[in-house]
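Residue numbers count from 1 along this sequence. For ligands, and for the atoms within them, numbers begin at 1 and follow the listed sequence.
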Amino acid sequence: MPKKIMAVGEIREGQLRRVSFETIAAAKAAAEGGEVVGVLIGKEAGVLAEEMIQYGADRVRTAEDEKLGHYTSDGFASAMIAAVEQEQPDGIFFGHTALGKDLAPKIAAQLDAGLVSDVTALEVRSGEVVFTRPIYAGKAFQKVTVPEGLLLAAIRPNNIEPCPRDRTRSGNISPLSFPVKDIRVVIEEVVRKSAGSVDLSEAKVIVAGGRGVKSAEGFRPLQELADVLGGAVGASRGACDAGYCDYSLQIGQTGKVVTPDLYIACGISGAIQHLAGMSNSKVIVAVNKDPDAEIFKVADYGIVGDLFEVVPMLTEELKKVKAVSP
Ligand code: FAD
C-alpha cells in the first residue's frame, strides 16, 4: 500500500550531506509509489530544499531560523514534532549519523513509535517494510519490521545508493509553523578539533592507521595516500590511545562505523572491536608486517610488509596512474 514517508535531510557547513539523499532513496523504496516528503531544518533550509527534490523528494517542509544554525535536540525535536503533526506521515527516515542517533530516539519516544536504527538495507514484502541491520558488532544481520503504528528508521551512511540527481524535477517547498521562541538552547559556534577535508563517516575511501604507525608523524604518509585517493584518514583505538591521533578518527565498536568503497588498514592487527566499525567496507586492503595478523582474514587484498615502505610506494604508483587518467 502506498505510504507517506518523511525523509529528514542534514545540513553541514551550508551544504546537504550525502546521507540526506540516501535517506530519500530509502524513503522512496519504503513508500511503494506513495509520497516522500523531505524535512529540512537549519538556517539554510530554504535554499537547499530544492536539492532534496532533485534527489527524489516529492516536496519539502522547511524549518529555517538563525537559532537552528547548529543541531540541538531541543530545537530540532520541536521542528520535527511540528512536521509530524502537520503531515501525519506513515514513517520518518533519518540518517544514522550523530544527529540522527540523537534525534530519532527522542522523536520515537515522544510519539511512542517503533524505531529501527543502523539500517543497511530494506525491502518491501507484502506491503511490510523489512529492514536489515547488523548485530553483534557486524558478525550477523537481523531482519526487522515494525508491525504497527508510525515507522521510524535511521539509515547507515554509504549503504543505500541515492537516486540520480534530476535538475528538472520540481515540487512544493513550504515552511513549517512551529514555536521558534520556545527553543531554549542555541549553539553559537562549533570549534572543530580535527579539520579533515573529507568526512570520515561519508568517505568513499579511508586510509586507517593503527599502533603500527608508531607516532603522530607516522600518519603523514597515510594522509598523503588518502589525499591522492580523495579519501579520509581514520585510526584504530590503539593509535588513538597511544596519542598518535585524535579520538574523532577512531573507527570501531566504540568509535565510528564506516562503510567506504575502499578501506586501507595500515599497521592494524584486526581486533574484533576494530572490525565492528569497518568490516562492511566494500573492498578491504590490509598492510601489516605480521602475516598471521587477524586483519588479513577480512581483507580482500593483503600486503605483508612494512607500511613505511608499502604506503609511499602505493602513493607514488597511484599518482602515476592519476597522471595518465586523471
Ligand atoms: P595492535 O593490536 O598493537 O596492532 C598493531 C599492528 O601493527 C600489529 O598487527 C603489527 O604487526 C602491525 N605493525 C607494526 N609495525 C608495523 C609496520 N611497520 N608495518 C606494518 N605493520 C606493522 N579498537 C578499535 O580499533 N576501535 C574501537 O572502537 C575499539 N573499541 C574497543 C572497546 C572495548 C570495550 C575494548 C575492550 C577494546 C576496544 N578496542 C577498539 C581495542 C581493540 O581491542 C584493540 O586493542 C585495538 O584495536 C588494537 O589497535 P591496533 O590494531 O592499532 O594495535
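For the residue pair R61 / S174, a side-chain donor-acceptor distance below 3.5 Å is found, with atom types taken as modelled.
Taking a heavy-atom cut-off of under 4.0 Å, ligand 1 is surrounded by G210, R211, G212, K214, S236, R237, G238, Q250, I251, G252, Q253, T254, G255, G267, I268, S269, A271, Q273, H274, N288, K289, D290, G305, D306, L307, F308.
Electrostatic pairing of E317 and K320 counts as a salt bridge here, judged by a charged N lying under 4.0 Å from a carboxylate O. A salt bridge links R156 and D118; the closest N-O separation between the charged side-chain nitrogens and carboxylate oxygens is under 4.0 Å.
Partner Y263 forms a side chain to side chain contact (heavy atoms under 4.5 Å, CB included) with one of V258, V285, V283, V207 and no other, that one being V258.
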E123/R125 under salt bridge (charged side-chain N to carboxylate O under 4.0 Å, His left out): CA gap, chis, key distance, verdict: CA-CA 6 Å; E123 60 188 309; R125 278 192 216 151; 3.1 Å; yes

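Side-chain N or O atoms of E64 include one that pairs as donor or acceptor with a backbone N or O of G46 at under 3.5 Å.
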